[in-house]
Asks: 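For reference, the structure I am asking about is given below.
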Amino acid sequence: MPELPEVETIVRGLRGPLVGRTFTGVTVLWPKTVQTPVSELEQRLPGQRVEQITRRGKYLHFHLSAGDSLFIHLKMSGDLLVEPSAGPVHPHVRAIFHLDNGHQLRFKDMRKFGRVYLVDDPLKVVGKLGPEPLADDFTASAFAALFRRRRGRLKPLLLNQSFIAGIGNIYADESCFIAGIDPRRQVDTLSAEELGRLYHAVRQALQSGIMHKGATLDQVYRGGEFQHHFQVYGRTGAPCPRCGTAIERVVLGGRSTHFCPVCQR
DNA sequence: CTAAAATCCTGGTGGC
DNA sequence: TGCCACCAGGATTTTA
């Protein structure tokens, strides 16, 4: 489940092999992967050079020379590979982007949830996303301001991409633990002090994930090792690293949620 | 407005 | 050993 740190790691790894390359064609193997009509993709993509690759929330953003934007969302099981055109194609590859150097960018996605978009205006894809939690101008007061007039439980709000972009199930649970806040809390009961702790916890969890090159999970190997540093996520019944109490698991907003019943209030 | 459920998917798992 | 129901989960959509 690639979240912000995993996507950031993938983006950094793709710049070397892809920036400056020109797409020469595209082969769609699972049509639902492509949100843009296949015929339009086949017509507009070839000839466009990759000027830069950035990340917005959990989206990869390929800035193209004709002004178009190619977006890829990996969802649950997506991965991106740059491989020689002559090499074998893994059965889970859903789309192939042909490059001008005998290589291909291959979108591999076992569960078929991932999506590809080619648009003229980036806002058509990422226009409704909330702020970037690691941006320099995303201050503690900006964070606290987001909570004004918001209601509901904390965990689902952290997962809401139009609230803040990039946080997924792993980093939401880890952030709540670091902040010492129960993910079931109603957000309108959070004090200014607690919001301050949560701000630093979110940034720390995401930074730590990036430092470890993300987490390798779900049979998708990306070289990251943050999965060895989870404090609560996926550790139901295991001792809390702070107090030793067994980590509990509940379902919130349809998502499994892990927390320490003693350290998080 | 919030909240929960359904939807899309497949491979791994656990039960029998 | 083999079969199968069940589960995970990001984002969207539907229903309450």
Side-chain angles (χ1 to χ4, degrees), chain A residues 1-10 28-36 55-61 71-80 90-95 107-117 119 123-130 132-133 146-176 182-190 202 205-206 209 214-222 224 226-227 230 232-237 247-259:
Chain A
M1 50 222 73
E3 305 179 22
L4 187 156
E6 287 75 28
V7 176
E8 180 65 30
T9 301
I10 292 168
V28 177
L29 300 169
W30 184 258
K32 288 182 76 172
T33 296
V34 178
Q35 292 300 92
T36 305
R55 179 192 56 72
R56 178 75 174 97
K58 301 173 193 171
Y59 290 87
L60 292 100
H61 181 181
F71 283 98
I72 299 180
H73 196 304
L74 303 170
K75 291 286 181 87
M76 299 301 304
S77 59
D79 206 357
L80 289 166
H90 191 281
H92 293 158
V93 169
R94 311 302 181 193
F107 182 33
K108 179 182 163 190
D109 183 25
M110 181 181 80
R111 292 184 191 170
K112 300 178 175 175
F113 283 0
R115 292 293 180 261
V116 171
Y117 313 76
V119 292
L123 293 182
K124 288 178 178 172
V125 178
V126 296
K128 288 188 287 192
L129 290 181
E132 282 293 322
L146 292 178
F147 284 83
R148 284 207 290 266
R149 290 182 297 278
R150 299 301 294 230
R151 312 188 52 168
R153 293 199 186 108
L154 176 57
K155 173 72 179 279
L157 190 58
L158 289 175
L159 294 179
N160 181 345
Q161 299 301 298
S162 62
F163 180 67
I164 297 174
I167 301 175
N169 212 33
I170 294 171
Y171 295 91
D173 282 4
E174 295 297 315
S175 297
C176 288
D182 189 320
R184 299 168 295 185
R185 284 278 297 278
Q186 296 288 331
V187 295
D188 55 3
T189 70
L190 293 170
V202 166
L206 295 172
T216 300
L217 237 60
D218 214 21
Q219 287 79 48
V220 181
Y221 180 70
R222 281 183 292 271
F226 189 62
Q227 69 277 12
F230 292 164
V232 288
Y233 181 82
R235 296 190 63 246
T236 310
I247 299 300
E248 288 185 15
R249 175 186 178 277
V250 295
V251 175
L252 281 182
R255 296 284 164 266
S256 64
T257 300
H258 315 76
F259 66 100

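Side chains included, hydrogens not; waters and symmetry mates left out as well; all remaining heavy atoms used. Convention: sequence-line order gives letters A, B, ...; per-chain numbering from 1.
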Asks: Can you measure A:L252 atom CG to B:dT2 atom C1' for me and round it to whole angstrom units?
Replies: 13 Å

Asks: Below the 4.0 Å mark, does B:dC9 have OP1 or OP2 next to a side-chain nitrogen or oxygen of A:K75?
Replies: no

Asks: Quick one: pull up CD in A:E248 and OG1 in A:T236 and give me the separation to the nearest 0.5 Å.
Replies: 9.5 Å

Asks: To the nearest angstrom, how far is A:M76 atom CE from C:dA11 atom P?
Replies: 10 Å

Asks: Grab the CG-C1' distance between A:N160 and B:dA3 for me, whole Å please.
Replies: 13 Å

Asks: Within this structure, what is the CZ-to-C1' distance between A:R150 and B:dC1, rounded to whole angstrom?
Replies: 10 Å

Asks: What do you reckon, do A:F113 and the base of C:dG10 stack, with centroid distance below 5.5 Å and planes below 30°?
Replies: yes

Asks: Is A:K58 paired with A:E3 through a side-chain N to carboxylate O contact shorter than 4.0 Å?
Replies: no

Asks: Taking the six-membered ring where the residue is Trp, are the ring centres of A:F226 and A:Y171 under 6.0 Å apart?
Replies: yes

Asks: Do the side-chain N or O atoms of A:R149 get closer than 4.0 angstrom to the phosphate oxygens (OP1, OP2) of B:dT2?
Replies: no

Asks: Give the rounded distance in Å between these two atoms: CG of A:L74 and C1' of B:dC9.
Replies: 16 Å

Asks: So for A:R111 and B:dG11, does any side-chain atom that can act as donor or acceptor lie under 3.5 Å from a complementary atom in the base?
Replies: no

Asks: Taking CE from A:M110 and P from C:dG9, how many angstroms apart are they, rounded to a whole number?
Replies: 13 Å

